[in-house]
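Heavy atoms only: backbone and side chains are in, while hydrogens, waters and symmetry mates are out. Each ligand, and each atom within it, is numbered from 1 in the order the structure gives.
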Amino acid sequence: MQAIRVEEFGGPDVLRVREIENPSPGRDEVLVEIRAVGVNPVDTYIRAGARGGSLPFTPGMDGAGLIAAVGEEVTEWKVGDRVFTCRSITGTYAEYALCHKDQVQPLPEKISFEQGAGLFVPYGTAYAALVLRGYARPGETVLVHGGSGGVGTATIQFAAARGCTVIATAGTERGLQLVREQGAHYAFSHNDPNYLKSIMDLTGGVHLVIEMLANVNLQRDIELLRPRGRIVVVGSRGTIEIDPRSLMSKNGTVTGMTLLEISDEERSEIYAAIGAGLKAEILAPIVGRSFPLSEAAAAHSAILEPGSYGKIVLLP
Ligand code: NAP
């Protein structure tokens, strides 16, 4: 099969197309024929070597496709089932990926493979940030600080369905239109020098911030909080100096969140929340761009550029 391989850490160019042997499932594993691959920012950090790990490897946690083979102890899945992956054993940037039987979830007919490739990391992160760490309650005002990308659009959909008043930011007109379409009640450009004042004038302070770029925004988020407000740090690409007193004076809370360290119970809750949301049609991933699998390097460059619009996917 064809797969993207990383044989040395580095820039996007280290993503090379290689012909490798098809994996075959062990007793409690399934083989997924990948029809679409979800590209996440974390894939670029891992490719660059920022997370360590051994070489060579096939990148990718998110994908969607059909069960192609099952191990002898697998009774939950059969050949031909539509699924999306929730991480994998061998990596999803390939024509086939080996998964533990618990690393796949059913993909409803009305959700395309491209959309399915944008489910686990974005929606799992959104749910974990909003509910498991952020304790978002109906009626609260939630700022999705960076609403136009994969995690942002997912967070807006979950928060709006939960009965929160949703304020979302984006960097382009197209992104602002997108966040409104996903359920944001108010949209502001994070490139407008006055947008923080506009959010404060509108709300008098927000209950919860879901933050995609904390190294830029954390101090501003603290200033936007109402008393006892919470900030959940989802994304950060550097360091920042903050004034702890501004947090203290509001009885505010800053919490970190990483999907890579969730517990088994949290994983089950995430699976249930995504499954129910897809069934109720309150969740629908937005696919902004697709590239052939062989152009994974271009997709890695694109995902770090401004002007996000939902997900970027690869098509094997
Ligand atoms: P993405 O699709 O590339 O979206 C990035 C988002 O950040 C876009 O909405 C972008 O808006 C926005 N942004 C850019 N400049 C901003 C600013 N100054 N203030 C606020 N937002 C700004 O990425 P993603 O998949 O949604 O992931 C978002 C972040 O979360 C990434 O850093 C990723 O590594 C991280 N993440 C963390 C976890 C975890 O477990 N903690 C899981 C998944 C992702 P425009 O492009 O419209 O300007």
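In His145, the parts holding a heavy atom less than 4.0 Å from any atom of ligand 1 are both the side chain and the backbone. Only the side chain of Val121 comes within 4.0 Å of ligand 1, judged by heavy-atom distances. Contacts between Asn217 and ligand 1, counted as non-hydrogen atom pairs separated by less than 4.0 Å, involve the side chain only. Looking at Val234 against ligand 1, both its backbone and its side chain come within 4.0 Å, counting heavy atoms.
For the residue pair Tyr45/Arg237, the side-chain donor-acceptor check at 3.5 Å is satisfied.
Contact between Pro122 and ligand 1 is absent, with no heavy atom of the residue lying under 4.0 Å from the ligand. Under a 4.0 Å heavy-atom criterion, Tyr45 is in contact with ligand 1. Judged by the shortest distance from any of its heavy atoms, Arg237 lies inside the 4.0 Å radius around the atoms of ligand 1.
Note that CG of Leu225 is 9.0 Å distant from CZ of Arg230, once rounded to the nearest 0.5 Å. Here CD1 of Ile270 is found 11.0 Å from CD of Gln105. Values are rounded to the nearest 0.5 Å. One finds the CD1 atom of Ile282 at 8.5 Å from the CD atom of Gln157 (value rounded to the nearest 0.5 Å). Taken to the nearest 0.5 Å, the CD atom of Glu241 stands 9.0 Å off from the CD atom of Gln219.
Taking the centre and axis of the six-membered ring of Phe9, the NZ or CZ atom of Arg47 falls outside the cone set by 45° and 6.0 Å.
For atom 43 (C) of ligand 1, the closest non-hydrogen atom of the protein is Thr125 OG1, 3.5 Å. With respect to atom 1 (P) of ligand 1, the closest heavy atom belonging to the protein is Gly149 CA, 4.0 Å. Looking from atom 22 (C) of ligand 1 to the surrounding protein, the closest heavy atom is His190 CE1, 3.3 Å. Considering only non-hydrogen protein atoms, atom 3 (O) of ligand 1 sits nearest to Ile303 O, 3.4 Å. Nearest protein neighbour of atom 28 (C) of ligand 1, counting heavy atoms only, is Met212 SD, 4.0 Å. Ranking the protein heavy atoms by distance from atom 41 (N) of ligand 1 puts Met257 O, 2.7 Å first. Among all non-hydrogen protein atoms, the one lying nearest atom 11 (O) of ligand 1 is Ser148 OG, 3.1 Å.
Of all atoms in ligand 1, listed by their number and element, those nearer than 4.0 Å to a heavy atom of Gly147 are 9 (O). Every atom of ligand 1 is numbered from 1 in the order shown, and the set under 4.0 Å from a heavy atom of Leu259 is 39 (C), 40 (O). Taking every non-hydrogen atom of Leu213 and a distance limit under 4.0 Å, the qualifying atoms of ligand 1 come out as 15 (N), 16 (C), 17 (C), 18 (N). Listed by number with element, the atoms of ligand 1 under 4.0 angstrom from any heavy atom of Gly307 are 45 (P), 46 (O). Those atoms of ligand 1 with a heavy atom of Gly171 less than 4.0 angstrom away are 45 (P), 47 (O), 48 (O). For ligand 1 and Gly146, the ligand atoms under 4.0 Å from any heavy atom of the residue are 9 (O), 12 (C), 20 (C), 21 (N).
Enclosure of atom CD in Glu19 by more than 12 non-hydrogen atoms of other residues, nucleotides or ligands within 6.0 angstrom is indicated. In this structure, Lys110 places its NZ atom where more than 12 heavy-atom neighbours from other residues, nucleotides or ligands lie under 6.0 Å away. Remark: Glu305 CD is packed, more than 12 non-hydrogen atoms of other residues, nucleotides or ligands lying under 6.0 Å away.
Nearest-residue assignment for atom 25 (O) of ligand 1 (options Ala154, Pro41, Gly310, Ala128; heavy-atom criterion): Pro41. Closest heavy-atom approach to atom 44 (C) of ligand 1 within the set Ile210, Val151, Val39: this belongs to Val151. The nearest non-hydrogen atom to atom 2 (O) of ligand 1, considering only Ala170, Pro306, Ser308, Gly150, comes from Gly150.
Note on ring orientation: taking the six-membered ring where Trp is involved, the planes of Tyr195 and His145 are perpendicular (angle over 60°, cut-offs 30° and 60°).
Side chains of Ile231 and Asp221 form a contact here, defined as non-hydrogen atoms less than 4.5 Å apart. The shortest distance between side-chain heavy atoms of Ile4 and Pro59 falls below 4.5 Å.
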Could you walk me through whether His300 and Tyr93 pass the ring pair (Phe, Tyr, Trp, His ring centres under 6.0 Å) check? CA-CA 12 Å; His300 271 213; Tyr93 285 35; 5.7 Å; yes
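In this structure, the side-chain contact (heavy atoms from CB on, under 4.5 Å) partners of Glu95, at least two apart in sequence or on a different chain, are Met1, Gln2, Pro316.
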